[in-house]
Amino acid sequence: MNDATGILVIVSGFSGAGKGTLMHELLSRYEGYALSVSATTRRPREGEVDGRDYFFLDREEFEHMISEHAFIEYARYVENYYGTPRKYVEDQLASGRDVILEIEVQGAMIVKRQYPDAITVFVTPPSAAELRRRLEERRTESAEVIAGRLKRAGEEAELMNKYDYLLINDDLQESTKKLHDIIANAHARMSANEEFVARIQKELRT
Ligand code: 5GP
């Protein structure tokens, strides 16, 4: 990474779009990324590890963090709170790593307002039928929760055109490469190179 500070990458997408797998593939294939670990009040799914997948908090702990302004954003999503702890994100960006936030749309819009240079990517499966199939196949949630997630997907679809990039996640390897390329391109934006621009302008003035 040549830039002094990293780029903030906000990834959203329907629950069941395969974002989690995509993020882990991105981190294992490429260097220079940091994945922000969110806090949540939802219960861990089987196999999820506290501090790796989420910081699993009870409602009181979560509300305490809200009162301390410890979140960049937080949102309620299908009966639970989810939030992005501020410190990790800012430390990683300052150290030059590109930080990935995997968050839902309300949170994404709030972060984008605070970090206008962040890039936003919306991940979707190729069709609604495929989304339903993936949610049902996961077998970790009740029919009621699945129905809630599909309803929520309909609401999120109304906001997806506010994102900078669309990523249709059909093939994991291909999607990982596409996401990496999107971020690599963002490093060439003028706004991501202000220090370089200022330096060369100064050099050429003298
Ligand atoms: P899940 O319960 O499936 O892990 O996540 C549900 C939704 O919450 C997903 O759309 C996920 O992207 C979103 N989410 C996870 N962490 C955060 C967060 O810190 N903030 C917000 N706003 N959404 C989050």
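All ligand and atom numbering here is 1-based and tracks the order in the structure. Since this is a predicted model, take the numbers as computed values, not measurements.
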**OP:** Identify the protein heavy atom lying closest to atom 12 (O) of ligand 1, giving its residue, its atom name and the separation to 0.1 Å.
**Re:** Glu102 OE2, 3.0 Å
Original post:
Should we count CZ of Arg132 as having more than 12 external heavy atoms under 6.0 Å?
Top reply: no
Original post:
Out of Glu73, Arg76, Glu104, whose heavy atom sits nearest atom 20 (N) of ligand 1?
Top reply: Glu73
Original post:
Is it the side chain, the backbone, both or neither of Arg45 that has a heavy atom closer than 4.0 Å to ligand 1?
Top reply: side chain
Original post:
Looking only at non-hydrogen atoms, which of Tyr77, Tyr54, Tyr81 approaches atom 1 (P) of ligand 1 most closely?
Top reply: Tyr54
Subject >> From Pro44, Ser38, Ala153 - option closest to atom 19 (O) of ligand 1 by heavy atom >> reply: Ser38
Subject >> Side-chain (Asn80) to main-chain (Arg76) donor-acceptor, under 3.5 angstrom >> reply: no
**OP:** Give the numbers and elements of all ligand 1 atoms closer than 4.0 Å to a heavy atom of Ala75.
**Re:** 22 (N)
Original post:
Should the pair Phe62 and Phe71 be assigned to parallel (<30°), tilted (30 to 60°) or perpendicular (>60°) ring geometry?
Top reply: parallel
Subject >> Shortest non-hydrogen contact from Asp181 toward Lys177 >> reply: OD2-NZ, 2.7 Å
**OP:** Please say whether more than 12 non-hydrogen atoms of neighbouring residues, nucleotides or ligands are located less than 6.0 Å from CD in Glu195.
**Re:** no
Subject >> Identified side chain to side chain contact (heavy atoms under 4.5 Å, CB included) partner of Phe122 from the options Ile10, Val105, Asn161 >> reply: Val105
Subject >> Structural part of Arg43 in contact with ligand 1, heavy atom criterion under 4.0 angstrom >> reply: neither
Original post:
Parallel under 30°, tilted from 30 to 60°, perpendicular over 60°: which one fits the rings of His180 and Tyr33?
Top reply: perpendicular
Original post:
Is there at least one pair of N or O atoms, one from Gly83 and one from ligand 1, spaced under 3.5 Å apart?
Top reply: yes
**OP:** Output yes when the distance from some N or O of ligand 1 to some N or O of Thr84 is under 3.5 Å, and no in every other case.
**Re:** yes
**OP:** Check step by step if side-chain contact (heavy atoms from CB on, under 4.5 Å) holds for Phe14 and Arg152.
**Re:** CA-CA 8 Å; Phe14 310 124; Arg152 175 70 187 222; over 6 Å; no
**OP:** May I ask whether Lys19 has any heavy atom positioned less than 4.0 angstrom from an atom of ligand 1?
**Re:** yes
Subject >> Proximal atoms of ligand 1 relative to Arg42 (non-hydrogen, under 4.0 Å) >> reply: 1 (P), 2 (O), 4 (O)
